[in-house]
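Naming convention: chains lettered A, B, ... in sequence-line order (proteins, then strands); numbering from 1 in each chain. For clarity, every value in this text was computed on a predicted model and none was experimentally measured.
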Protein chains: 2
Amino acid sequence: MKGRFGKGPPENWPSHFKGWGYRVTMPRRIILQILNNAEKHLSAEEIYLRAYKIYPAIGLTTVYRTLDLLIKNGVVIKVEFGEGRARYELAGRVEGINCHQHLVCMNCRTFFDSSELTEEDINVIKKMKEKLYRKYGFSVKSCILQFYGECKDCQKNE
Amino acid sequence: MKGRFGKGPPENWPSHFKGWGYRVTMPRRIILQILNNAEKHLSAEEIYLRAYKIYPAIGLTTVYRTLDLLIKNGVVIKVEFGEGRARYELAGRVEGINCHQHLVCMNCRTFFDSSELTEEDINVIKKMKEKLYRKYGFSVKSCILQFYGECKDCQKNE
DNA sequence: ATCGATGCAAAGGTTTTGCACTGAC
DNA sequence: GTCAGTGCAAAACCTTTGCATCGAT
C-alpha cells in the first residue's frame, strides 16, 4: 500500500483507484460516493452507517482502511475538532491548494465550515505556501484554517 | 468548574489560579511550569512523564483535568495532528488572537511549528476574524493555520 | 471543617491488528 | 489462480468517570 501523495486526485477518481494500482471494489466505490455527496464532515462511523444502507456486508474496518488510502493519495482530508473522533472530507482543490476554513465553538463544541476565502485570503495563503517551501523545503498540499471561539448562542447565554 | 473562557490568561497565571476561583495545588503549578518550559507541543502523557519526575504522586487523570481547566480559561490550546492523541501548548497572544501555524507531513507524520506570521498575515487574519463576527456572530479567540504536505526528507525519498 | 482537587481502577469510545476468507485482476 | 482487499473479533490506545481520600482555604 504505497502512498502516491503528491500526484493529487485524478478527475474521475472512482475508476482511477485502478490508476493508482489499487483494486476497484464495492466498498471503495461506495465510500467515495458517500464522501462526494456528504454535506458536512463525516466521522468514520457516520460513513460506515451510510455505507451499510447501500451495502450491508461492509465492515467498519474497511471504512478506516479506505480512508487511510484516500488520505495517502490526497483525495481526503482528516480533520479533528477535539471531539475525540476524527472527521473526513473530500479535499477540494483551490488554486493548487486544498484549503478549508473551520469554526469551532470552544463552549458547546459545535463546528462548521466557512469556505468563504476571498481572493486576498487565497493570495496570502499562496505566499505562505511559497515561503514555507523556500524556508523549510516543505511542500504544502492542503491547509486548514481553524478558528476557535464562541458561537453566537453561547455568547448570549454568558 | 465553570469555564471563564474569554477573559484570557492573567499575566502571572500560576498564582492566578486563585484569581479564577480555583485552588492552587502542586500538580497545577507543575503542569503549568512544564507547559511554560515546553519546547514543542506535548501530549498528555509527555506532560505526565515530565511531571512525574518532579512529583511522582501525580496521576495522569489530573493532567487531563488540569489541561481541560486551562483550555477552558484560554491559557492552553489543544491541537491534533491526526496521530490519535491530542497535544497541548500555551496560547501565545498576538494582536488579540492566539495564532499558531503548524506544518504536518502527511507522509512521515512529523509536525512542527512555524510561528512566522508577517504583519500582512496578521492583518488578513484580523480581517477574517471581523468578517466571521459580522457574518455569523462568531467571536474568534484563537486560530490555527495547519498546513499539510510533504517535508523535505520525504520529497527526496520519492 | 468544608468541599474542591486528587489518584486509582474501571469504564468508554475510537482506531488498529491478526487471521482466514473472498473476489478483482 | 493469485494475492490484494475484506470482515470479524480481539486488542490497543487515549480519555473520561466513579469513588474514597486528601488537602487548600
What's the closest nucleotide to the side chain of [X] if the choices are [options]?
X	options	answer
B/A86	D/dG7, C/dT16, D/dT15	D/dT15
A/L60	C/dA5, D/dT6, C/dT15	C/dT15
B/I58	C/dG7, D/dG7, C/dT15	C/dG7

Exercise. Could you run through nucleotides 19-25 of chain D and give me one letter per nucleotide, 5' to 3': B if any protein heavy atom sits under 4.0 Å from the base, S if only the sugar-phosphate is that close, - if neither?
Key: ----BBS

Quiz item: When you check the phosphate oxygens OP1 and OP2 of C/dT16, does a side-chain N or O of A/Y64 lie under 4.0 Å from one of them?
Solution: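 Indeed not, no polar side-chain atom of A/Y64 lies that close.
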
Quiz prompt | Side-chain N or O of A/R85 closer than 4.0 Å to phosphate OP1/OP2 of C/dG13 | solution =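 It does not, given that no N or O in the side chain of A/R85 lies less than 4.0 Å from OP1 or OP2 of C/dG13.
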
Practice problem: May I ask you to decide if the ring planes of B/H41 and B/F81 are parallel, tilted or perpendicular, using 30° and 60° as cut-offs? | Solution: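 Perpendicular: the ring planes of B/H41 and B/F81 meet at over 60°.
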
Self-check item: Mutual orientation of the aromatic rings belonging to A/Y22 and A/W20 [parallel < 30°, tilted 30-60°, perpendicular > 60°]
Solution: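 Because their plane-to-plane angle is over 60°, the rings of A/Y22 and A/W20 count as perpendicular.
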
Exercise. On DNA chain C, check which nucleotide each of B/A57 and B/G84 is closest to and give me the residue with the more 5' one.
Key: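 The residue mapped nearer the 5' terminus is B/A57.
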
Quiz item: Salt bridge or not for B/R87 and A/E80, using N-O below 4.0 Å?
Solution: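 No, this pair does not count.
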
Quiz item: So, A/E46 and A/K40, do they make that salt bridge, N to O below 4.0 Å?
Solution: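 Between A/K40 and A/E46 there is a salt bridge, with a charged N closer than 4.0 Å to a carboxylate O.
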
Self-check item: A/Y136 OH: over 12 foreign heavy atoms closer than 6.0 Å
Solution: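 Count over threshold, so yes.
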
Practice problem: Check the distance between C/dT14's C1' and A/L42's CG and give it to me in whole angstrom. | Solution: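 Nearest whole value for this atom pair: 16 Å.
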
Quiz item: So how far off straight is the helix from C/dA1-D/dT25 to C/dC25-D/dG1, going by the axes through five pairs at either end, to 10°?
Solution: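 That helix gives 40° between its end axes.
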
